[in-house]
Amino acid sequence: MAEELQVGTTRVKIRSPFGVFVLAIVTLGIYYCVWYYKVNRELRDAAGIDVDPFTALIAITIGWIIIVPPFISWYRTFQRIQQAQHQAGLTSEANPILGFILFIVAIYFLPVELLYAQDELNKLWRARIAPA
């Protein structure tokens, strides 16, 4: 069960990176899509990042038809995580290049980028609720 936190007026989840990884595999990618939408929605609502979660989801699903959109969407998602971490004052921020490389690896093997992305999001949400 994921731990829920209140960040401003939005509830966000601290998810187990390994749990996200396993669920994405066990559900044959269905949870992957649900997770991706929810993460982008949390970034928009709790961190004030400009993103349309539905467009991001379409880019990684239907976007494969023209090949490029999933790559751009994942890179931008890591940029959003980094931007939110910067706004929260974290000194250690997500690296969009590393995230993108992990996404490339995931295309051929397993969705390892989920582990990295969720770990970075957990750091972000914990920092956002920590007292100043």
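Residue numbers count from 1 along this sequence. Because the structure is predicted, anything quoted here is derived from the model rather than measured.
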Give me the atom names and distance for the closest heavy-atom approach of [X] to [Y].
X: P17; Y: L115; value: O-CD2, 3.3 Å
X: N40; Y: T77; value: OD1-OG1, 3.6 Å
X: E120; Y: A94; value: OE1-N, 3.5 Å
X: K13; Y: N122; value: O-OD1, 4.1 Å
X: A84; Y: A47; value: CB-CB, 3.7 Å
X: S73; Y: A56; value: OG-O, 3.4 Å

>> Atom CZ of residue position R76 - does it have more than 12 heavy atoms of other residues, nucleotides or ligands inside 6.0 Å?
In response: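 Counting neighbours around CZ of R76, 12 or fewer heavy atoms of other residues, nucleotides or ligands fall under 6.0 Å, so no.
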Can [Y] be reached from [X] by stepping across I, L, V, M, F, W or Y side chains whose heavy atoms are under 4.5 Å apart?
X: I72; Y: W64; answer: no
X: L28; Y: I30; answer: no
X: L57; Y: I65; answer: yes
X: F18; Y: V34; answer: no
X: V7; Y: L121; answer: yes

>> Before we go on, tell me: are the rings of F103 and Y75 under 6.0 Å apart, centre to centre?
In response: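 Centroid separation for F103 and Y75: 6.0 Å or greater.
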At what distance, to the nearest 0.5 angstrom, does [atom1] of [X] lie from [atom2] of [Y]?
X: L102; Y: W74; atom1: CG; atom2: CH2; value: 9.5 Å
X: Y37; Y: I60; atom1: OH; atom2: CD1; value: 13.0 Å
X: E93; Y: L124; atom1: CD; atom2: CG; value: 10.0 Å
X: E113; Y: Y36; atom1: CD; atom2: OH; value: 9.0 Å
X: I14; Y: L5; atom1: CD1; atom2: CG; value: 4.5 Å
X: L110; Y: F21; atom1: CG; atom2: CZ; value: 4.5 Å

>> Closer than 3.5 angstrom, by distance alone: can the side chain of Y116 be matched with the main-chain N or O of N95 as a donor-acceptor pair?
In response: yes
>> For the backbone of D45 and the side chain of T10, can you confirm whether one donor and one acceptor N or O come within less than 3.5 Å of each other?
In response: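 It does hold such a pair.
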>> Before you tell me yes or no, could you show the steps for Y31 and V20 under side chain to side chain contact (heavy atoms under 4.5 Å, CB included), namely the whole-Å CA-CA distance, both residues' side-chain angles and the distance that decides it to 0.1 Å?
In response: CA-CA 8 Å; Y31 183 74; V20 169; 4.1 Å; yes
> Looking at residues at least two apart in the chain, or sitting in another chain, which of them share a salt bridge (Lys or Arg N to Asp or Glu O under 4.0 Å) with D119?
Replying inline: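 D119 satisfies salt bridge (Lys or Arg N to Asp or Glu O under 4.0 Å) with K123 only.
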> With the threshold set at 4.0 Å, does a side-chain nitrogen-carboxylate oxygen contact exist between E42 and R15?
Replying inline: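 Between R15 and E42 there is a salt bridge, with a charged N closer than 4.0 Å to a carboxylate O.
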>> Show, in sequence, the C-alpha distance, side-chain angles and deciding distance for Q83 and Q79, and conclude whether the side chain to side chain contact (heavy atoms under 4.5 Å, CB included) test is met.
In response: CA-CA 6 Å; Q83 179 184 358; Q79 284 182 321; over 6 Å; no
> Would you say the side chain of I104 lies within less than 4.5 Å of the side chain of F71, judging by non-hydrogen atoms?
Replying inline: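 F71 reaches I104 side chain to side chain.
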